[in-house]
Amino acid sequence: MFKKENQKYNLISYTSNEDSTLKQILLDKLNFSVRSLSKMKREETVLVNKEFKKTSTKIKIGDLIEVKIEEDMANFEPQDLNLEVLYDDFDIIMVNKPPFMVVHPTKSHYNNTIANGITDYIIKKDEKIKVRFVNRLDMNTSGLVIIAKNAYAHHILSKDMSDDKVQKKYITVVKGIVKDDKGTINKPIYRQTEDSIKRVVDERGQASVTHYKVLERLNDATVLEIKLETGRTHQIRVHMEYMGHGIIGDELYGYVDENLINRQALHAYSLDFNQPRTKENLEFIAKLPMDIEELIEKLK
């Protein structure tokens, strides 16, 4: 079992509650891959009761297994961007991303990104981690972004996401009155060419499922809660356009009126998942940003 007080971002600590082998515990209880076991052996990063042991070692109940995580620091330029950090433990950092901020540096946005801000934050905490994003948001989408502090947490959470164990909910404001109180859009999403930014609903695409629920009907607009079952690029934006209710402010798929809002009215407001090691349930809510609150007031 994982004792919470013994965990560190660079050390996994596990007390065995069964007789087994080190290999089986690393594979079955800690969910490491066979490939990572070879690396541990080569770099001697696995200790049993404070001594390096081979993976064939027999383990008894109560034995302490420790895996050292040694990584190079991410090479992003640190910048104090006053990020809103909602949560921070030995595996993850949860950030409420403001609109107009890019998650990861690109050729056109090489600084002032979440990665730059988090690098500054972790240096000040005297931690040495690579910055790994578990989920990403478009520049103009606000809300919850998870950063993994180590490859272990990133692997577990990415697998949980693909196994539909992470509940993601968004709030959006769309053009027009959505008639049904709730519904599901189950339509594949396709990228027509390699260099195309825009996606379309097309039978050749990847399976994509979006659930929606009406929260409030406004003047020729509707506030929706969106729950994603799959995580395709632009999924909500494409599915809202397909439904005939494009997101207000969305230049690519929706309805633009800069007197209302100057970006797409889409906010990743809720994430519910299990902590990678302890498996305790974590639930986060990021309050609506001011521009979406003002949009709703204008449309009442």
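Excluded from the calculations below are hydrogen atoms, water molecules and symmetry mates; all remaining heavy atoms, backbone and side chain alike, are included.
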Peer 1: Within the structure provided, determine whether Thr172 and Tyr212 are in side-chain contact (heavy-atom separation under 4.5 Å).
Peer 2: no
Peer 1: Under 3.5 Å, side chain of Lys298 to main-chain N/O of Leu260, donor-acceptor pair present?
Peer 2: yes
Peer 1: Looking at Lys8 and Arg277, what are the two nearest heavy atoms and their distance?
Peer 2: O-NH2, 2.9 Å
Peer 1: Side chains of Ser13 and Leu64, heavy atoms from C-beta outward: is any pair under 4.5 Å?
Peer 2: yes
Peer 1: Do the two ring centres, one from Phe76 and one from His104, sit under 6.0 Å apart?
Peer 2: yes
Peer 1: Using every non-hydrogen atom in the two residues, find where Lys124 and Asp120 come nearest and quote the distance to one decimal.
Peer 2: NZ-OD2, 2.9 Å
Peer 1: Measuring only between side-chain heavy atoms, which start at C-beta, is Thr119 closer than 4.5 Å to Glu77?
Peer 2: no
Peer 1: Between Thr230 (side chain only) and Arg232 (backbone N and O only), is there a donor and an acceptor less than 3.5 Å apart?
Peer 2: no
Peer 1: When you compare the side chain of Tyr170 with that of Leu137, does any pair of heavy atoms fall below 4.5 Å?
Peer 2: yes
Peer 1: Is Lys97 reaching over with its side chain to a backbone N or O of Thr141, donor-acceptor style, under 3.5 angstrom?
Peer 2: yes
Peer 1: Is there a path of hydrophobic side-chain contacts, each under 4.5 Å between heavy atoms, that joins Phe52 and Leu37?
Peer 2: no
Peer 1: Do Ile61 and Asp19 have side chains that approach each other closer than 4.5 Å (heavy atoms only, starting at C-beta)?
Peer 2: yes
Peer 1: Would the distance check show the side chain of Thr21 and the main-chain N or O of Thr55 forming a donor-acceptor pair, the cut-off being under 3.5 Å?
Peer 2: no
Peer 1: Between the side chains of Lys130 and Asp72, is the shortest nitrogen-to-carboxylate-oxygen separation below 4.0 Å, so that they form an ion pair?
Peer 2: no
Peer 1: Taking Tyr242 as the starting point, is it possible to reach Ile247 by hopping between hydrophobic residues whose side chains are less than 4.5 Å apart?
Peer 2: yes
Peer 1: For a 4.5 angstrom cut-off between non-hydrogen side-chain atoms, does Asp138 reach Gln264?
Peer 2: yes
Peer 1: Closest heavy-atom contact between Asn135 and Ile146?
Peer 2: OD1-N, 2.7 Å
Peer 1: Any salt bridge between Glu66 and Lys68, counting N to O under 4.0 Å?
Peer 2: no
Peer 1: Kindly give the heavy-atom pair with the smallest separation between Ser196 and Arg191, and that separation in Å.
Peer 2: O-NE, 2.9 Å
Peer 1: Output, in order, the C-alpha distance, side-chain angles, deciding distance and verdict of side chain to side chain donor-acceptor pair (under 3.5 Å) for Thr45 and Glu70.
Peer 2: CA-CA 8 Å; Thr45 52; Glu70 293 167 352; over 6 Å; no
Peer 1: Classify the side-chain pair His211/Thr184 by whether it contains a donor and acceptor separated by less than 3.5 Å.
Peer 2: yes
Peer 1: Pick one: which of Asp88, Asp89, Asn10 meets side chain to side chain donor-acceptor pair (under 3.5 Å) with Lys149?
Peer 2: Asp88
Peer 1: Quick check: are there more than 12 heavy atoms from other residues, nucleotides or ligands sitting under 6.0 Å from CD of Glu258?
Peer 2: no
Peer 1: What is the minimum heavy-atom distance between Pro276 and Asp91, and which atoms define it?
Peer 2: CB-OD2, 3.9 Å
Peer 1: Only pairs under 3.5 Å count here: list side-chain donor-acceptor contacts from residues 284-294, not counting sequence neighbours, and write none if there are none.
Peer 2:
unit_1	atom_1	unit_2	atom_2	d
Asp291	OD1	Arg263	NH2	3.0
Asp291	OD2	Arg263	NE	2.8

Peer 1: If you compare all heavy atoms of Leu224 against all heavy atoms of Met240, which two are closest, and at what distance to 0.1 Å?
Peer 2: CD1-SD, 3.7 Å
Peer 1: Could you walk me through whether Lys227 and Glu225 pass salt bridge (Lys or Arg N to Asp or Glu O under 4.0 Å), step by step?
Peer 2: CA-CA 7 Å; Lys227 187 179 160 196; Glu225 179 189 86; over 6 Å; no
Peer 1: Does the side chain of Leu86 reach to within under 4.5 Å of the side chain of Leu144, using non-hydrogen atoms?
Peer 2: yes
Peer 1: I'd like to know if the side chain of Ser158 reaches the main chain of His155, judged simply by a donor and an acceptor atom lying under 3.5 Å from each other, with no hydrogens or angles considered.
Peer 2: no
Peer 1: Heavy atoms, side chains only, cut-off 4.5 Å: are His239 and Ile226 in contact?
Peer 2: no
Peer 1: Mind checking whether Tyr9 and Phe90 have ring centres under 6.0 Å apart?
Peer 2: no
Peer 1: With distance as the sole test, does Glu71 use its side chain to make a donor-acceptor pair with the main-chain N or O of Lys128 at under 3.5 Å?
Peer 2: no
Peer 1: Whether the side chain of Arg136 engages the backbone of Val134 through a donor-acceptor N/O pair (distance < 3.5 Å, no angle test) should be reported.
Peer 2: no
Peer 1: Can Glu84 and Asn96 be counted as having a side-chain donor-acceptor contact under 3.5 angstrom?
Peer 2: yes
Peer 1: Which of these passes side chain to side chain contact (heavy atoms under 4.5 Å, CB included) with Gln275: Glu280, Gln7, Lys4?
Peer 2: Glu280
Peer 1: Quick one: does Asn281's side chain have a donor or acceptor within less than 3.5 Å of a partner on Asn274's backbone?
Peer 2: no
Peer 1: Would Thr113 and Asn116 count as having a side-chain donor-acceptor pair, cut-off 3.5 Å?
Peer 2: yes
Peer 1: Looking at Arg217 and Asp181, is there a salt bridge between them, counting it only when a charged N and a carboxylate O are closer than 4.0 Å?
Peer 2: yes
